[in-house]
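Note that the structure is predicted; figures quoted are calculated from it, not measured.
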Amino acid sequence: MEKMTDEYSKMKLIVQQSDILMDELRKEKDRYKFQVQDLSDQLKAKNEEDDPLMAAVNAKVEEWKKILASKDDELLEYQQMLLTMEEKMKMVQLDVDRNSILSLQQVQFM
């Protein structure tokens with residue numbers, strides 16, 4: 001009987017210690033849960049603050065993309081004009097050379 005009482009007392013002590021430990025773990029879990037919720041709220045608030053800023057940055061990026069595209073088109077147009085002018089210069093040079101040759105031939109025949 002005494003042995004049973006001792007075992008019962010030991011078991012009761014173990015259960016009490018387990019209950020204390022479980023209470024501490026529950027409190028710790030609740031603290032962590034609160035911290036996670038707080039950090040989630042902070043992250044959400046930060047994202048909400050960043051959203052308008054990111055929208056403005058994206059709008060500016062799109063605006064610059066359009067500007068750069070128009071400048072690319074303008075460059076292509078100027079390159080085409082340059083090629084056309086180079087061809088005209090070659091033709092003018094050929095005309096000048098031809099006129100020089102004709103003048104020399106006329107001078108030679110005189």
Which side-chain N or O atoms in residues 60-88 pair as donor and acceptor under 3.5 Å with protein atoms at least two apart or in another chain?
residue : atom : partner : partner atom : Å
Ser70   : OG   : Ile67   : O            : 2.7
Thr84   : OG1  : Gln80   : O            : 2.9

task: Show the numbers, then the answer: is there a salt bridge (charged side-chain N to carboxylate O under 4.0 Å, His left out) between Arg98 and Asp95?
output: CA-CA 5 Å; Arg98 192 175 322 141; Asp95 285 344; 3.5 Å; yes

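Looking at Gln35 and Asp38, their side chains never come closer than 4.5 Å, going by heavy atoms from C-beta outward.
How far CG of Asp50 is from CG of Leu43: 9.5 Å, rounded to the nearest 0.5 Å. One distance of note links CD of Gln37 with CG of Leu39; it measures 9.5 Å at 0.5 Å rounding. Once rounded to the nearest 0.5 Å, the distance linking CG of Asn47 with CD of Gln42 reads 12.0 Å. A distance of 7.5 Å separates CG of Asp51 from CD of Glu48, quoted to the nearest 0.5 Å.
Legend: side chain to side chain donor-acceptor pair (under 3.5 Å) pairs involving residues 19-29, not counting sequence neighbours, sorted by first then second residue: Asp23-Arg26, Glu28-Tyr32.
Checking each of Ile20, Val15, Ile14, Leu21 against Ser18 for a side chain to side chain contact (heavy atoms under 4.5 Å, CB included) leaves exactly one that passes, namely Ile14. With Tyr8 as reference, Lys12 is the one residue of Lys10, Lys12, Met4 to meet the side chain to side chain contact (heavy atoms under 4.5 Å, CB included) rule.
For Asn58, there are no side chain to side chain donor-acceptor pair (under 3.5 Å) partners two or more places apart in sequence or in a different chain.
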